[in-house]
Structure formats: structure tokens, C-alpha cells
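None of these values were measured; they are calculated from a predicted model. Convention: sequence-line order gives letters A, B, ...; per-chain numbering from 1.
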Number of protein chains: 2
Amino acid sequence: MDRLDRKILRLLQEDSTLAVADLAKKVGLSTTPCWRRIQKMEEDGVIRGRVALLDPVKVNTKVTVFVSIRTNTHSIEWLRRFSEVVGEFPEVVEFYRMSGDVDYLLRVVVPDIAAYDAFYKRMIAKIEIRDVSSAFAMEQIKYTTQLPLDYMVIDQAKSNEE
Amino acid sequence: MDRLDRKILRLLQEDSTLAVADLAKKVGLSTTPCWRRIQKMEEDGVIRGRVALLDPVKVNTKVTVFVSIRTNTHSIEWLRRFSEVVGEFPEVVEFYRMSGDVDYLLRVVVPDIAAYDAFYKRMIAKIEIRDVSSAFAMEQIKYTTQLPLDYMVIDQAKSNEE
DNA sequence: GATGAAACTTACGTCCA
DNA sequence: TGGACGTAAGTTTCATC
């Protein structure tokens with residue numbers, strides 16, 4: 001991957017509806033090679049897919065809650081089931097295993113506090129958890145699906161071309 | 001918005017490359033009305049855009065760090081500048097104002113701990129912060145851009161049709 | 001890599017029920 | 001609203017240099 005690939009990715013991360021011809025123009029390439037680069041990055045799995053992003057307010061999920069979970073180090077089997085059960089809730093949009101004092105961290109989206117309470121009850125009914133603590137976000141100041149591309153590993157062989 | 005709109009959104013949240021004709025088939029509609037519904041939801045801002053999602057490992061940003069920030073309740077002006085400065089870092093992919101003991105929460109993506117340390121130094125060089133604590137994610141068990149649609153407000157007038 | 005063109009697939013507007 | 005049809009535009013795959 002070289003600088004041109006990075007440019008392509010940067011643009012596609014912003015807006016994937018761009019026509020390949022327009023994209024090529026912006027990158028300084030003609031359509032065919034630009035198209036081939038995109039194909040390759042899709043095959044290589046660099047591009048995982050193209051999705052529509054919705055407005056959280058419009059679909060009534062404007063409240064984000066971060067849920068910190070502490071478990072009593074259970075069996076591998078329990079942990080597997082725990083991950084499965086929690087991950088199946090569509091309200092859980094992010095789910096991390098953490099280092100440090102918290103074992104797991106969830107980002108949950110719901111319409112309001114009442115809905116969060118209902119979600120919480122459904123969750124703990126399905127799986128026993130030692131300690132749960134919830135932190136409510138008052139405002140989402142930034143949310144982007146655009147990963148920084150500054151850390152991308154650039155092929156030295158290719159980077160000499162430009 | 002009715003159940004058909006919800007079906008359309010559900011599919012587009014998964015994969016926005018679907019042709020309108022295929023989408024229409026899955027939803028049980030012909031292409032024109034399906035296309036019109038999509039247009040309307042784009043105009044209404046329900047659909048915010050279509051983007052490419054990249055593989056964090058492939059672009060070398062596999063490490064997520066949650067950064068909890070406590071401030072000494074500063075002036076409005078300071079808070080505005082703080083938000084601006086922090087939000088400008090491309091490594092900061094999510095940024096929330098919280099209720100409770102933590103004032104702000106960031107999700108930061110970097111290649112490794114060393115890169116996080118470098119990011120941290122650059123951030124505190126730009127703006128003074130009272131208290132910062134970092135929690136590292138060991139594993140991303142779930143990450144989705146798909147918002148749950150179960151809370152969507154359905155037009156009663158329309159819902160009688162089906 | 002660039003260019004150009006062919007074949008095919010979509011998107012999108014018009015018209016009618 | 002939804003369905004049918006047509007055109008313009010896009011995508012994808014060829015050649016060529």
C-alpha cells in the first residue's frame with residue numbers, strides 16, 4: 001500500500017458513494033487503475049464493507065451509556081457464554097475486554113434512562129454479573145468511523161515511485 | 001416511517017452496496033417506491049451518509065484506549081477550546097461529555113502503547129487538563145455501526161396498512 | 001500506469017393506476 | 001402511495017499503447 005491507496009481510503013472513509021471516476025480524479029489517477037486498487041483493498045480485507053450511517057436522534061437512540069462490568073474470574077466456558085449473551089443485544093454497539101480494574105466495557109445506545117433500565121434488567125436476567133456500573137453520556141461531541149491513516153504501513157518499494 | 005422503512009434501514013446499515021432492485025425484492029416492494037423511500041430518508045437526514053469501514057488491524061490502529069478526563073470546571077470559552085482541540089486529533093474517534101465523576105470520555109485508537117504515549121504527550125501539550133486516566137482495551141469483542149431500530153417511532157397512520 | 005470502448009448493471013425521472 | 005418503462009450514468013472488463 002502506498003500514498004495513493006491511503007488517499008483513496010481517506011476519501012472512501014468519508015463518503016463511499018463517490019463514483020470511481022471522480023475518486024480517480026481527486027487522487028490523480030485514471031479510473032481503471034484506481035478501480036483496481038479499490039478491488040485489491042477489498043480482497044485484502046483492508047476495506048471491510050460499505051454501510052449506511054443513521055442519525056441516532058432520528059432513530060430514537062440518542063442516549064449512550066457506558067457500562068463497566070467486573071466479573072469474578074469465571075471459567076472459560078462462562079466467559080464465552082457471557083460474551084455471546086451480551087453481544088447479542090442490539091443495544092450493545094461496542095464491547096471490549098479491558099485491562100485494569102474493569103473487566104469489560106460496553107457502549108449501549110437507548111432512547112432514554114427508562115429504556116436503559118429495561119435493558120439492564122433484561123441483561124442481568126440472562127447472565128449473572130458481579131458488579132455493574134453505568135455512566136451516562138450527556139453529549140456526543142465526536143463520533144466518527146474514520147480510522148486515522150497516519151499509522152498505515154507504507155510499502156517502501158512503492159513509495160519511491162511518487 | 002413505517003415497517004418497510006425500518007426494513008430498508010436495517011439492510012442498508014448492514015451493507016449499503018445492495019442495488020435498489022435487490023433491496024426492493026427483499027423488502028417486498030418494486031424498485032421505484034423503494035428508491036423513493038431511500039431518497040426521502042436521505043433528505044430527512046435519517047440516513048446520514050454511506051461510508052467505507054476499514055479493518056483496524058490492516059491500517060495499524062488495533063489498540064483502543066478509553067481516556068477519562070476530569071476538569072476543574074473552567075469557563076465556557078475554555079470548554080469550547082478544549083472540545084475543539086481534542087476533537088481535532090484523528091486518533092480520537094469518539095468523544096463524550098459525561099455525567100458523574102468523569103467529565104469527558106474519549107475513545108482513542110493507536111497502533112500500540114508507545115503510540116498512545118506519544119499521542120498523550122501531544123494532547124496535554126496543547127491543553128491543560130486536571131486529571132487523566134487511561135484504560136486499555138485488550139480485545140474488541142463487538143463493534144458495530146448498526147443502531148438498534150426497535151425504538152424507532154412508527155407512524156400509526158402508516159402502520160395500519162400492512 | 002493511461003486511454004478508449006464495449007457490455008452490462010444501476011440509478012433515477014416520467015407516466016399511469 | 002405503488003408498479004412499469006425508458007434513458008442517462010455508472011461499473012466492470014476488455015483491448016490498445
Specify the separation, in whole Å, of atom [atom1] of [X] and atom [atom2] of [N].
X	N	atom1	atom2	answer
A:Q39	D:dG10	CD	P	18 Å
B:L4	D:dT1	CG	P	11 Å
B:R37	D:dG3	CZ	P	10 Å
B:I8	D:dT1	CD1	C1'	13 Å
A:I38	D:dG10	CD1	P	14 Å
A:R3	C:dG1	CZ	P	14 Å

Test item: side-chain donor near acceptor, B:Y143 and A:E94, under 3.5 Å: no
Residues A:E91 and A:Y116: side-chain donor-acceptor under 3.5 angstrom: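 No, no side-chain donor-acceptor pair sits under 3.5 Å.
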OP1 or OP2 of C:dA11 under 4.0 Å from side-chain N/O of B:W35: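 So the side chain of B:W35 is outside the cut-off, no N or O lying under 4.0 Å from OP1 or OP2 of C:dA11.
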Phosphate contact (D:dT12 OP1 or OP2) by A:R36 side-chain N/O below 4.0 Å: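 So the side-chain polar atoms of A:R36 never come under 4.0 Å of the phosphate oxygens OP1 or OP2 of D:dT12.
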Nucleotide of C:dT3, D:dG2, C:dC12 approaching B:P33 most closely (side-chain heavy atoms):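 For B:P33, the side-chain atoms sit closest to D:dG2.
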Minimum-distance nucleotide to B:T32 side chain [options: C:dG1, C:dG4, D:dA4]: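 My answer, after comparing the listed nucleotides, is D:dA4.
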Heavy-atom neighbours of A:Q39 CD exceed 12 at 6.0 Å: yes
Lys/Arg-Asp/Glu bridge criterion (N-O < 4.0 Å) met for A:D2, A:R37: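 A:R37 and A:D2: salt-bridged.
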B:F89 and B:F119 aromatic centres sub-6.0 Å: yes
Single-linkage hydrophobic cluster, 4.5 Å side-chain cutoff, B:L147 and B:V46 together: yes
Positions of residues 17-29 of chain A (non-hydrogen atom under 4.0 Å from DNA chain D), listed by number: A:A19, A:V20
Aromatic ring pairing B:F95/B:F82, orientation class (parallel under 30°, perpendicular over 60°, tilted between):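 Rings of B:F95 and B:F82: perpendicular, over 60°.
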Donor/acceptor link under 3.5 angstrom from A:T31 side chain onto base of C:dA2: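 A donor-acceptor contact between them is absent.
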